[in-house]
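Just so you know, residue 1 is the first one in the sequence shown, and it goes up from there. Every number for a ligand or one of its atoms is a count from 1 in the order of the listing. The structure presented is a predicted model; accordingly, all values stated were derived computationally and were not measured.
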Amino acid sequence: MSKLVIILASTRPGRVGLPVALWIDALAREHGGFEEVELVDLAERNLPFMDEPNHPRLRQYVHQHTLDWSATVDGADAFLFVMPEYNHGYSAPLKNAIDFLHQEWCYKPVGLVSYGAVAAGTRAAQMIKQVVTTLKMTPLTDAVSIPFVTQLVGEDGTLSPNDVMLSSAKAMLDELKRVSQALLPLRLPA
Ligand SMILES: Cc1cc2nc3c(=O)[nH]c(=O)nc-3n(C[C@H](O)[C@H](O)[C@H](O)COP(=O)(O)O)c2cc1C
């Protein structure tokens, strides 16, 4: 069973990230490239600041929240990060969630769904690439970059995508499936 985990990286009340995440979650299910799709909301997950005494590479976790997070990430074959741009960077909760684990991320592709104002979150997306590659992840070139995102959210709280978003999401999901399958031998136990 191939599984896609979508991580919603904005946690503040009233966030635009939720409509963006619900949109891409529905699209990923419709796309059908992965047999299972799970949307993980970092606000609900409510991880504390990284509080494990051992290096994550050792997988000697002492806290239940880390064991739960480890199981979620371990079960994924691919990821989508739904990420805002804060001060030309990516959100602190996302960095914290990444830092908790190590091997669970390795040899998995990640598609970046970024949003913001004029720069569409692309500065945050570029910034996270040097972090995820350290964990042997493969960030995709195909991405969804949403400028002036708030203008796309209606009073009912849903996102109205434009044609560019739909075509870039399709390309990203196609590529995510391809790269996830290509990396599969590296994810098998040695
Ligand atoms: C702390 C903070 C910093 C921000 N910095 C940027 C920025 O650097 N670039 C940008 O395009 N938008 C920036 N914005 C505007 C966000 O893109 C916009 O508020 C967006 O809705 C944030 O995503 P969220 O609602 O999911 O938290 C910032 C917003 C916040 C709250």
Which of L22, L27, V20 passes side chain to side chain contact (heavy atoms under 4.5 Å, CB included) with I24? It is L27

T72 versus R45, side-chain donor and acceptor atoms under 3.5 Å:
yes

From F100 CZ over to L67 CG, what is the distance, rounded to the nearest 0.5 angstrom?
11.0 Å

CA sep, side-chain torsions, deciding dist, call: M137, T133, side chain to side chain contact (heavy atoms under 4.5 Å, CB included):
CA-CA 5 Å; M137 298 177 83; T133 50; over 6 Å; no

Polar side chain donor-acceptor pair, N46 to H65, under 3.5 angstrom
no

Those protein residues which place at least one heavy atom below 4.0 Å from ligand 1
S10, R12, R15, V16, G17, P84, E85, Y86, N87, H88, Y115, G116, A117, R123

Is there a ring-ring contact (aromatic ring centres under 6.0 Å, His included) between F79 and W105 once you walk through the steps?
CA-CA 9 Å; F79 300 95; W105 299 110; 5.1 Å; yes

